[in-house]
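Each residue takes its place number in the sequence, starting with 1. Each ligand, and each atom within it, is numbered from 1 in the order the structure gives.
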Amino acid sequence: MIDYHIHTRFSQDSDAEMEAQCEAAISLGLSEVAFTEHEDYNPGDPTSFYFQHADYMRELERCRAAFDGRLKILAGIEISEPHRYPREAGAVLASHPWDFVLGSLHWVDGQHNAFLRDFFTKFGDWRASFRMYFGELLDLARDGDFDVMSHIDYPARYGHTVYGDAYDIAEYEDLLRPALRMLASRGKGIEINTNPLWRNKAHPNPPGIVVRWFREEGGKILTVGSDSHRPATTGAHIQTALRLAREAGFTQVATFERRVPRLVDIPEV
Ligand SMILES: [Zn+2]
Ligand SMILES: [Zn+2]
């Protein structure tokens with residue numbers, strides 16, 4: 001049992017202590033976690049240039065010692081739009097011993113925050129917003145330095161107040177398959193992000209059909225993560241994600257150390 005997408009107070013939008021997140025993980029029976037803090041460069045984002053890497057590494061080493069033998073703790077980072085900021089991201093990746101790197105698309109076209117409701121109204125048609133988002137995933141997949149692409153249909157977390165139940169990711173297969181194929185060909189992965197599940201939504205990011213498409217396109221690297229920003233949601237619905245992974249044709253998930261993947265069998269759940 002692993003959770004490869006957790007935030008702590010080293011991310012601008014979390015005030016969780018790393019130690020409390022470790023205790024939550026252990027109490028759920030998790031054996032391995034990755035603390036993937038926000039690394040942003042977009043001038044419009046409140047998280048930009050917030051992450052203090054050296055302080056984080058110190059706290060990570062302290063927790064590794066405190067929970068030695070009980071929890072494996074990975075040095076992670078969630079970089080926003082690494083394809084747009086290769087110089088900045090490259091310097092950070094080279095300067096610390098990262099185990100696991102998530103690549104995210106939060107800002108579309110460098111200027112539209114997909115977190116906000118107006119992302120779905122400003123182009124006249126909410127489907128156009130999704131097409132912009134999914135179209136840029138190919139650029140991220142081709143040019144970004146990361147290990148696993150995060151939350152592939154991230155805007156779906158926030159747009160439902162505009163389009164209700166009308167969103168169907170299958171309408172965007174023409175845009176998603178090329179990005180998934182690119183990821184597979186570069187040896188990179190995707191994640192099943194359970195954040196929507198612990199907010200009582202029907203599907204994780206992305207829904208299982210996309211995980212299946214990834215498999216069909218040759219993808220082998222799959223991780224699972226809660227995207228938790230506080231101990232109460234850490235590890236939430238990881239079992240569900242593993243079950244969905246199996247249903248999508250995966251018998252293994254990936255673990256990482258120093259950015260090298262290793263596949264492990266998914267336990268019967
Ligand atoms: Zn994210
Ligand atoms: Zn995150």
**Q** Can you tell me if H5 has an N, O or S atom under 2.8 Å away from the Zn ion (ligand 2)?
**A**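 For H5, the answer is yes, given that an N, O or S atom comes within less than 2.8 Å of the Zn ion (ligand 2).
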**Q** With the Zn ion (ligand 1) at the apex, how many degrees lie between OE2 of E78 and NE2 of H106, rounded to 10 degrees?
**A**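 It comes to 100°.
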**Q** Looking only at N, O or S atoms in D227, which is nearest to the Zn ion (ligand 2)?
**A**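 Going through the N, O and S atoms of D227 one by one, OD1 ends up nearest to the Zn ion (ligand 2).
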**Q** Looking at R131 and D174, is there a salt bridge between them, counting it only when a charged N and a carboxylate O are closer than 4.0 Å?
**A**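 A salt bridge links D174 with R131.
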**Q** Assess whether a salt bridge exists between D13 and R230, defined as any Lys/Arg side-chain N lying under 4.0 Å from an Asp/Glu carboxylate O.
**A**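 Answer for the salt bridge query: no.
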**Q** Strictly under 2.8 Å, is the Zn ion (ligand 2) approached by any N, O or S atom of H7?
**A**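 Checking the Zn ion (ligand 2) against H7, an N, O or S atom does fall under 2.8 Å.
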**Q** Whether E136 and R84 form a salt bridge (side-chain N of Lys/Arg under 4.0 Å from carboxylate O of Asp/Glu) is what I want to check.
**A**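 Yes, R84 and E136 are salt-bridged.
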**Q** H151: which N/O/S atom is nearest the Zn ion (ligand 1)?
**A**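 The Zn ion (ligand 1) is closest to the H151 atom NE2, counting only N, O or S.
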**Q** Strictly under 6.0 Å, is that where the ring centroids of H151 and H106 end up?
**A**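 Centroid separation for H151 and H106: below 6.0 Å.
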**Q** Taking only residues two or more places apart in sequence, or in another chain, which ones meet E247 in a side-chain hydrogen bond (donor to acceptor under 3.5 Å, both in side chains)?
**A**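 Once residues adjacent in sequence are excluded, the partners of E247 under the side-chain hydrogen bond (donor to acceptor under 3.5 Å, both in side chains) criterion are R243.
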